[in-house]
Amino acid sequence: MAKVGGLADVVGALPKYQNEAGLDAAVVLPYYNRKFVQESEFDVVFRASNLLGKKRYEFEIWKERTNKLGFELFLIYIPGLLDRPEVYSYPDEREQFIAFQLAFLDWINWSQQTPDIIHCHDHHVGLIPFLLQHSALYKRLAQTATVFTIHNGQYHGAFGYDKFDYLPEVDMTYAGLLDWNGGINPLACAIKCVAKYTTVSPSYLEELSLNSNGLEYLFCTERAKGQGIVNGIDTEVWNPVTDSMIAGPIDPLKPNAGKLKNKQALCERFGLSADLPLIAFIGRLVVEKGADLLPEAFTQSLQEHAGQVNILMLGAGEKDTEAALTILNEQFPENYKTYIGYNEELAHLIYAGSDFLLMPSRVEPCGLNQLYALRYGTVPIVRRTGGLIDTVIDFGDEGGYGICFDQSNVNDITYSISRAITLYKNSEHLELLRKRMMALDFSWTQSAKQYNQLYESLKPLI
Ligand code: ADP
């Protein structure tokens with residue numbers, strides 16, 4: 001409905017699996033004026049108005065009629081604020097997120113609902129645990145347990161005290177909980193106030209104490225409330241046997257034929273030869289993902305292994321990186337292609353049809369791309385960071401199936417590409433690795449169980 005990255009994958013899948021496990025999980029999102037909303041049917045179940053500072057705004061709660069996503073979906077519609085097509089990047093996004101949080105709390109409060117758990121995701125809803133506990137308005141809900149999941153600890157959603165009057169009346173004794181470094185910091189506030197927080201992998205939990213854009217000290221002191229749970233993947237959407245977005249099924253027990261069919265379709269689409277090893281990158285073109293290193297690394301590898309390897313790039317993001325990657329199309333017309341943009345269907349085909357998927361991330365809280373790659377028999381080439389440490393074992397180690405490297409730099413990337421090209425020449429070994437990785441279980445069933453146990457552990461608070 002409104003996918004930008006991994007957060008959407010989680011919020012779109014976890015509740016479905018929680019419901020299958022017997023919970024009653026619903027999702028509340030801002031209204032986005034996008035395809036899914038235009039094509040779905042909704043009932044307005046609540047209507048009210050509220051204040052954002054001195055400005056009054058109207059809001060409505062829309063409920064999707066059919067539960068077609070596997071859970072009840074509620075949207076908060078606020079004309080003028082939450083009725084736009086893009087998910088992020090509006091200059092008034094602080095106002096958007098605060099109005100969203102207040103409308104959510106008012107709706108729950110005024111409609112006399114009493115959820116056992118409110119599970120918040122990332123800084124956009126980081127003020128909810130604080131407001132529940134320290135605003136007299138929501139006294140009825142003060143005992144509601146909150147869980148907070150960090151998908152990306154680099155973004156805090158911080159803003160200045162000039163916007164303090166956007167908040168409803170709060171108990172000033174506790175106003176310090178809002179603060180970090182002289183500003184209101186929703187991520188820090190959530191970590192301080194929440195009963196439990198989770199990160200999307202155990203290694204990322206440890207890394208936040210070392211690298212979280214200024215919150216390192218907080219993560220050290222609040223470590224005991226944290227738990228790392230690796231994201232699952234939606235195995236119904238990402239199923240190499242039934243996926244309608246790929247060129248043909250890939251049998252996990254005999255993957256080579258299916259892989260080849262998809263590779264041929266993919267290569268044909270981009271005018272590449274299907275005989276060479278195909279290395280792909282999918283993702284946001286940002287420094288966090290190591291995308292700035294790609295133009296130089298690809299240039300060096302394509303020169304060093306001239307005519308021996310193909311590289312395909314799908315992504316969008318920083319304009320300089322987009323431009324530098326696009327130029328390579330002309331420099332290496334036979335062996336390199338860039339597709340700038342977001343294309344879900346193409347992503348599926350790339351996971352299915354590539355031999356290798358490169359992830360040179362500087363920061364990777366969990367990373368889903370490597371999980372999709374593994375499920376489709378594509379060897380992940382990853383930098384050892386965050387969730388990539390927890391999910392990929394180098395093929396040189398016992399039971400391994402991936403290619404791992406330590407530093408986010410051009411040398412480590414080009415060296416890993418060389419290893420990939422050598423591995424590709426040993427087709428029996430490659431087939432063994434494909435079978436091994438396709439047998440791995442990264443389903444939500446496992447991860448949802450861990451979230452459910454965490455909820456259970458909060459029961460005394462309920
Ligand atoms: P992040 O949330 O940091 O962007 P994740 O690895 O957790 O990274 O999730 C990325 C998700 O977004 C994956 O499902 C990936 O396939 C998808 N994705 C990223 N960029 C694109 C793109 N340009 N086109 C299609 N899908 C993309």
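Computation of the quantities below employed the complete heavy-atom set of this structure, encompassing side-chain atoms and omitting hydrogens, waters and symmetry-equivalent molecules. First listed ligand is number 1; within each ligand, the first listed atom is number 1.
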### Message
Counting C-beta onward and ignoring hydrogens, is there a side-chain heavy-atom pair between Lys16 and Glu236 closer than 4.5 Å?
### Response
yes
### Query
Are any of the N/O atoms in Arg284 less than 3.5 Å from those in ligand 1?
yes
### Message
Within the 4.0 Å heavy-atom shell around Lys3, which atoms of ligand 1 are there?
### Response
12 (O), 14 (O)
### Smallest separation among heavy atoms of Ile78 and Phe100, with atom names
CD1-N, 4.3 Å
### Query
Which atoms of ligand 1 sit under 4.0 Å from any heavy atom of Tyr351?
15 (C), 16 (O)
### Task
Name the orientation class of the two ring planes belonging to Trp444 and Tyr451 (parallel below 30°, tilted from 30 to 60°, perpendicular beyond 60°).
tilted
### Query
To the nearest 0.5 Å, what is the distance between CZ (Phe42) and OH (Tyr31)?
7.5 Å
#### Entry: Sole candidate of Lys68, Lys63, Arg65 that passes side-chain hydrogen bond (donor to acceptor under 3.5 Å, both in side chains) when paired with Glu41
Arg65
### Task
Say whether, by atom type as modelled, one donor and one acceptor occur between the side chain of Thr378 and the main chain of Tyr351 under 3.5 angstrom.
yes
### Task
Among Asn262, Asn343, Leu314, find the residue that satisfies the side-chain contact (heavy atoms from CB on, under 4.5 Å) test when tested with Ile350.
Leu314
### Message
Does only the side chain of Glu288 get under 4.0 Å from ligand 1, or the backbone, or both, or neither? Count heavy atoms.
### Response
neither
### Task
Give the residue and atom name of whichever protein heavy atom lies nearest to atom 11 (C) of ligand 1, and the separation in Å to one decimal.
Asp9 OD2, 3.7 Å
### Query
Short list, please: which atoms of ligand 1 are under 4.0 Å from a heavy atom of Gly5?
2 (O), 4 (O), 9 (O)
### Query
Should one rank Gly283, Ala8, Ser361 by closest heavy-atom distance to atom 20 (N) of ligand 1, which comes out on top?
Gly283
### Query
How does Asn343 reach ligand 1, if at all, at less than 4.0 Å between non-hydrogen atoms: by side chain, backbone, both, or neither?
backbone
### Message
With nothing but distance in play, are any N or O atoms of Leu7 less than 3.5 Å from an N or O of ligand 1?
### Response
no
### Task
Could you say whether the N/O atoms of Val4 and ligand 1 ever approach to under 3.5 Å?
no
### Query
Of all the atoms in ligand 1, which lie at a distance below 4.0 Å from a heavy atom belonging to Gly315?
23 (N)
#### Entry: Protein contact of atom 18 (N) of ligand 1 - nearest heavy atom, named by residue and atom, plus distance
Tyr342 CE1, 3.7 Å
### Query
Judging by distance only, is a nitrogen or oxygen of Gly6 under 3.5 angstrom from one on ligand 1?
yes
### Task
Just say parallel, tilted or perpendicular for the rings of Tyr455 and His119, cut-offs at 30° and 60°.
perpendicular
### Query
Going by the atom numbers of ligand 1, which of them fall below 4.0 Å from some non-hydrogen atom of Gly367?
6 (O)
### Query
Is there a side-chain contact between Leu325 and Tyr336 (heavy atoms, below 4.5 Å)?
yes
### Task
Below 4.0 angstrom from a heavy atom of Gly341, which ligand 1 atoms are there? Numbered from 1 as shown, please.
22 (C), 23 (N)
### Query
If we only count N/O pairs under 3.5 Å, is Asn369 in contact with ligand 1?
yes
### Task
Could you give me the CA-CA distance, side-chain angles and deciding distance for Thr149 and Thr198, then say whether side chain to side chain donor-acceptor pair (under 3.5 Å) is met?
CA-CA 5 Å; Thr149 294; Thr198 68; 2.7 Å; yes
### Message
Once you restrict to heavy atoms under 4.0 Å, what part of Lys289 touches ligand 1? Side chain, backbone, both or neither.
### Response
side chain
### Task
Over 60° means perpendicular and under 30° means parallel, so classify the ring planes of His429 and Phe395, tilted if in between.
perpendicular
### Query
By number and element, which atoms of ligand 1 are closer than 4.0 Å to a non-hydrogen atom of Ala347?
25 (C), 26 (N)
### Task
To the nearest 0.5 Å, tell me how far Ile327 CD1 sits from Thr338 OG1.
10.0 Å
### Query
With a 4.0 Å heavy-atom cut-off (strictly under), which part of Asn231 contacts ligand 1: side chain, backbone, both or neither?
neither
